[in-house]
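Before I ask anything, here is the structure I am working with.
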There are 2 protein chains.
Amino acid sequence: MAQQPGPRADPRPPWTRQRVLRAAIDLADQDGIESLSMRKLSQLLGGAPMSLYNHIANKDDLLDGMIDAVFSEIELPSGEDGWKTAMRQRAISIRTILSRHRWAIGLMNSRTSPGPATLRYHNAVIGSLRDAGFPVQLAAYGIAALDSYIYGFALQEQALPFPTPAQTSQLAQAMLEQIPTDQYPHFAELTIEDVLQPGDDHGAYEFGLDLLLDGLEQSLHKQTTH
Amino acid sequence: MAQQPGPRADPRPPWTRQRVLRAAIDLADQDGIESLSMRKLSQLLGGAPMSLYNHIANKDDLLDGMIDAVFSEIELPSGEDGWKTAMRQRAISIRTILSRHRWAIGLMNSRTSPGPATLRYHNAVIGSLRDAGFPVQLAAYGIAALDSYIYGFALQEQALPFPTPAQTSQLAQAMLEQIPTDQYPHFAELTIEDVLQPGDDHGAYEFGLDLLLDGLEQSLHKQTTH
DNA sequence: ACCTGAACACCGTTCAAGT
DNA sequence: ACCTGAACACCGTTCAAGT
């Protein structure tokens, strides 16, 4: 009986790269990327810091793996409902995922050795536009514009120190009270009339997104009718 | 004579907050934000780590000061040539400045105690749109869209590990050789036909920027003619 | 093949002591 | 008022030693 402890009995399952990555992502999700240290991670897994190096090369490799895991969470564009729908779904999917993995935003585009999920994803995104008739150059520009917007918006959302709109409003209120509002009337007005209003600003995201998508559609028509 | 050493003679001028911030920015510009440590900074200034704390409260305060200094470098919108020109100049100005201060990109929107230069800047940007007839809500959405694009584009440029297009092409070439290109044909095609071509892609930045500005102009007309 | 303790060269910051 | 050495609680990683 002691030889067959069953899957739940062992408090310390053997480490794998998968398990290490999962624990690292959970830690970063909960406590922020600045709390992710090799020492804390090993402690969370119930072992010594150096044991990690049997499954990952170093911290950089750890980050590469974490980012590839995040890319694997993004829904691939289906290609059935047209490029515009595909790009809108992509934008919304990334926003949702990055709200769970706020630490990932600055890293999604800065890893120089992309994993398989990252490559599959990028290939599908480009393919969605190319199949819809986008010339290579316009596809490149279009994706750069959309990605800039998507990651930039996420960057600004991540900058909010609290996840809920109510808490954010409260902080904005406190910030505003420390500022000489008569010197910055426009700033004060916009903060009061917009930032202090609750609501998760789904509107703001789609507003800019649609400006880009509609503009891209016009660019596509111009290029193809010439 | 020894009492009057002249400005160049003293190798260790007294530290001031100004001088500390300047040295910190220079260090971050040259070696990256991860190299900016209190210890290295104090060494650069020719003193002990703890001496820094006579001029700044802690590292967070140091970052606050650095970011406010970066905001002070951005040209304020003049307001004479219309909001569209003002916003385009703002976008180009930020891109130029963030190429010098790549470490700043992720921090511009995440500091919760904005300094005077930051407040003056934001107030001027909002004012530029409000004076042109933008309702508060549309100004807020418009700035959010533009800022997302501006910072997101900078984030992607910063992600490039080398500052010059030639070096970047070379790295992309090396990356591409390690990838099974037949599995990712769209990715390979775009990399070869776009990324590997030299040129600093001024075009890509203005392309997305104009999509947003033209779209914003249409939104403004719609709102004001109703 | 996988794990690990000790050690090294780093961090930011507190505290107490100097001038 | 400004500076600083020692100390504390942290880092990532190398190396040598275990099973």
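Being a predicted model, the structure only gives us computed values, none of them experimental. Order of the sequence lines fixes the chain letters, A, B, ..., with proteins taken first and strands second; residue numbering starts at 1 for each chain.
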- Query: Which residues satisfy the salt bridge (Lys or Arg N to Asp or Glu O under 4.0 Å) test with A/Asp29, sequence neighbours excluded?
  - Reply: none

- Note on the structure: Hits for ring pair (Phe, Tyr, Trp, His ring centres under 6.0 Å) against A/His101, two or more places apart or cross-chain, chain-then-number order -> A/Trp103

- To the nearest 0.5 Å, tell me how far A/Ile74 CD1 sits from A/Ile92 CD1. 13.5 Å

- Can a side chain N or O of B/His55 be found less than 4.0 Å away from OP1 or OP2 on D/dA1? no

- With sequence neighbours left out, write down each residue that passes salt bridge (Lys or Arg N to Asp or Glu O under 4.0 Å) with B/Asp31, or none if nothing qualifies. none

- Note on the structure: Between CG of B/Asn54 and C1' of D/dG5 the distance, given in whole Å, is 14 Å

Could I get a table of every N or O pair under 3.5 Å where one atom is in the protein and the other is in nucleotides 10-17 of chain D?
unit_1, atom_1, unit_2, atom_2, d
D/dC11, OP1, A/Ser37, OG, 3.1
D/dG12, OP1, A/Met38, N, 3.1
D/dG12, OP1, A/Lys59, NZ, 3.0
D/dG12, OP2, A/Met38, N, 2.8
D/dG12, N7, A/Arg39, NH1, 2.3
D/dG12, O6, A/Arg39, NH1, 2.9
D/dG12, O6, A/Arg39, NH2, 3.3
D/dT13, OP2, A/Tyr53, OH, 2.7
D/dT13, OP2, A/Lys59, N, 3.1
D/dT13, O5', A/Tyr53, OH, 3.3

- Query: Quick one: salt bridge (Lys or Arg N to Asp or Glu O under 4.0 Å) partners of B/Arg100, sequence neighbours excluded?
  - Reply: B/Glu73

- Message: Heavy atoms within less than 4.0 Å of DNA chain D: which residues of residues 26-34 of chain A have one? Give them sorted by number.
- Response: none

- Item | Spacing between A/Trp15 atom CH2 and C/dC3 atom C1', to the nearest angstrom | 9 Å

- Message: Holding to salt bridge (Lys or Arg N to Asp or Glu O under 4.0 Å), I want the full list of residues that pass it with B/Arg17, two or more places apart in sequence or in another chain.
- Response: B/Asp61

Donor-acceptor pairs under 3.5 angstrom involving side-chain atoms of residues 115-126 of chain B: please list them, not counting sequence neighbours.
unit_1, atom_1, unit_2, atom_2, d
B/Thr118, OG1, B/Asp68, OD1, 2.5
B/Tyr121, OH, B/Arg90, NH1, 2.8
B/His122, ND1, B/Thr118, O, 3.3
B/Asn123, OD1, A/His186, N, 2.9
B/Asn123, OD1, A/Phe187, N, 2.9

- Task: Report the residues that fulfil ring pair (Phe, Tyr, Trp, His ring centres under 6.0 Å) with A/Tyr151, sequence neighbours left out, ordered by chain and then residue number.
- Result: none

- Which residue pairs pass the salt bridge (charged side-chain N to carboxylate O under 4.0 Å, His left out) test when at least one of the two sits in residues 101-117 of chain A, sequence neighbours left out? A/Asp60-A/Arg111, A/Asp64-A/Arg111

- Task: Find the distance A/Gln43:CD to C/dC3:P and express it as a whole number of Å.
- Result: 17 Å

List the atom pairs, with distances to 0.1 Å, where a side-chain N or O of residues 173-185 of chain A and a protein N or O form a donor-acceptor pair under 3.5 Å, not counting sequence neighbours.
none

- Task: Report yes if some heavy atom in the side chain of B/Met108 is under 4.5 Å from a heavy atom in the side chain of B/Leu98; otherwise report no.
- Result: yes

- Message: Rounded to whole Å, how long is the line connecting atom CG of B/Leu45 with atom P of D/dT4?
- Response: 11 Å

- Item | Involving DNA chain D, stems made of at least three consecutive Watson-Crick or G-U pairs, both distances under 3.5 Å | C:4-8 with D:12-16, C:12-16 with D:4-8

